[in-house]
Amino acid sequence: MTADGGNMTNWHLAQVNIARMKDALDSPVMADFVAGLDPVNAAAETADGYVWRLQGEGNDATSLRFMDDPWLIVNMSVWRDHSALFEFVYSTDHRPFLKRRREWFERMQEAVTVLWWVPAGHEPTVGEAEQRLTALRTNGPTPYAFTFGDPFPSPEEVGASDEAVEAVEKVSADD
């Protein structure tokens, strides 16, 4: 939904979050996290505003690498809008795992979550997510790459033309 209650049809919100595992996925340390993947992913897929999520081998993305680091785990999804994503992240199904993240993952000093707008129907790639996270770490929140705490409206909400969006994304990707 847009701020005025209308439905957004041309843009969806992509998000990626990464975490550095404390141990291998098949270790006892990670057992509860791994056991929770399917139920949390199923909850996401039935959540209001869910559009798509990244999957590798199996039903999750744990087999995929991010920034060539075998200890980084990646989660990437696309949502109707900011409020739909926020509602899921802090929902009854997801929140217990969020609260336990320090049991399974190291605290990282750099940004680990980035959001950006994608054209409806676009499924972002890991490479695209790496570029967005790098841009956020380098430039701070911008319309190209932002955070929950510093969100930006969709290009549709601000009336940007497709050409203007493409120009901004090209310049940002070249940085």
Side-chain angles (χ1 to χ4, degrees), residues 1-2 6-19 25 33-34 36-70 72-91 93-94 97-98 111-139 141-148 150-158 160-175:
M1 298 286 246
T2 60
N7 287 324
M8 263 195 270
T9 56
N10 295 323
W11 295 92
H12 289 143
L13 186 66
Q15 74 79 33
V16 70
N17 64 84
I18 61 168
L25 279 172
F33 170 75
V34 172
L37 285 171
D38 283 343
V40 169
N41 286 335
E45 290 175 349
T46 61
D48 182 46
Y50 168 84
V51 176
W52 171 88
R53 71 181 172 87
L54 179 67
Q55 295 181 56
E57 296 173 14
N59 191 39
D60 59 49
T62 57
S63 64
L64 302 175
R65 290 295 149 251
F66 197 84
M67 295 184 167
D68 294 322
D69 185 334
L72 285 180
I73 196 165
V74 60
N75 171 286
M76 184 165 48
S77 55
V78 175
W79 296 81
R80 178 186 61 229
D81 55 30
H82 186 271
S83 62
L85 174 59
F86 187 88
E87 288 298 320
F88 173 72
V89 168
Y90 295 102
S91 71
D93 296 314
H94 185 262
F97 292 92
L98 191 59
V112 296
T113 302
V114 64
L115 288 71
W116 70 99
W117 294 103
V118 296
H122 176 69
E123 296 177 358
T125 65
V126 170
E128 183 180 344
E130 289 173 343
Q131 289 176 343
R132 301 289 178 147
L133 186 58
T134 299
L136 177 66
R137 289 174 172 179
T138 303
N139 305 316
T142 67
Y144 181 76
F146 50 92
T147 66
F148 269 123
D150 291 304
F152 282 81
S154 74
E156 186 172 24
E157 289 176 296
V158 297
S161 68
D162 291 342
E163 294 80 18
V165 171
E166 289 174 14
V168 167
E169 290 191 347
K170 181 180 182 343
V171 169
S172 298
D174 291 342
D175 284 348

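Every residue was checked against the side-chain contact (heavy atoms from CB on, under 4.5 Å) condition with Glu87, not counting sequence neighbours, and none meets it. Scored by the ring pair (Phe, Tyr, Trp, His ring centres under 6.0 Å) test, Tyr90 finds Phe86 as partners (sequence neighbours excluded). Glu130 pairs by the side chain to side chain donor-acceptor pair (under 3.5 Å) definition with nothing, not counting sequence neighbours. When the side-chain contact (heavy atoms from CB on, under 4.5 Å) test is applied to Ala43, the partners found at least two apart in sequence or on another chain are Phe88, Asp93. Residues satisfying the ring pair (Phe, Tyr, Trp, His ring centres under 6.0 Å) test with Phe33, not counting sequence neighbours, are Trp104, Phe105. Under the salt bridge (Lys or Arg N to Asp or Glu O under 4.0 Å) criterion, Arg65 pairs with no residue, sequence neighbours left out. Taking Asp48 as the reference, Arg80 meet the side-chain contact (heavy atoms from CB on, under 4.5 Å) condition, with sequence neighbours excluded. Applying the side chain to side chain donor-acceptor pair (under 3.5 Å) criterion to Thr62, with sequence neighbours excluded, gives Asp60. Residues forming a side-chain contact (heavy atoms from CB on, under 4.5 Å) with Val89 (at least two apart in sequence, or on another chain): Leu85, His94, Leu98, Phe148. Take Asp150 and apply the salt bridge (Lys or Arg N to Asp or Glu O under 4.0 Å) test, not counting sequence neighbours, and it matches no residue. Listed by chain and residue number, Trp52 satisfy the side chain to side chain donor-acceptor pair (under 3.5 Å) test with Glu123 (two or more places apart in sequence, or in another chain).
For the pair Val114 and Val16, the minimum side-chain heavy-atom distance is below 4.5 Å. Within the 4.5 Å cutoff, no side-chain heavy atoms of Val78 are placed close to those of His122. Taking the side chain as every heavy atom from C-beta outward, Thr113 and Thr147 never approach each other to under 4.5 Å. No side-chain heavy atom of Asn139 sits less than 4.5 Å from a side-chain heavy atom of Tyr144. At least one side-chain heavy atom of His82 sits less than 4.5 Å from a side-chain heavy atom of Leu115.
The minimum heavy-atom distance between Ala44 and Trp79, with the atom names listed, is O-CH2, 3.9 Å. Residues Ala14 and Pro124 approach most closely at CB-CG, 4.0 Å, considering heavy atoms. Nearest approach of Met76 to Ala129, heavy atoms of both residues: SD-CB, 3.6 Å. Closest heavy-atom contact between Ala111 and Leu133: O-CD1, 3.5 Å. Shown here for Pro141 and Leu136, the closest heavy-atom pair between the two residues is N-CD1, 3.6 Å. In plain terms, the two heavy atoms of Leu25 and Val34 that are nearest each other are O-CG2, 3.4 Å.
Looking at Ser63, its side chain never comes within 3.5 Å of a backbone N or O of Gly56 through a donor-acceptor pair.
Among pairs with a residue in residues 37-46, those fulfilling salt bridge (Lys or Arg N to Asp or Glu O under 4.0 Å) read Glu45-Arg53, at least two apart in sequence or across chains.
Taking CH2 of Trp116 as the reference point, atom CZ of Phe146 lies at 9.5 Å (rounded to 0.5 Å). Between the CG atom in Asn17 and the CZ atom in Phe66 there is a gap of 9.5 Å [rounded to 0.5 Å]. With values rounded to the nearest 0.5 angstrom, Asn10 atom CG is found 11.5 Å from Trp117 atom CH2.
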Begin with the C-alpha distance, continue with both residues' side-chain angles, and end with the deciding distance and a verdict on side-chain contact (heavy atoms from CB on, under 4.5 Å) for Met67 and Val74. CA-CA 10 Å; Met67 295 184 167; Val74 60; over 6 Å; no
Could you walk me through whether Leu54 and Val126 pass side-chain contact (heavy atoms from CB on, under 4.5 Å), step by step? CA-CA 9 Å; Leu54 179 67; Val126 170; 3.8 Å; yes
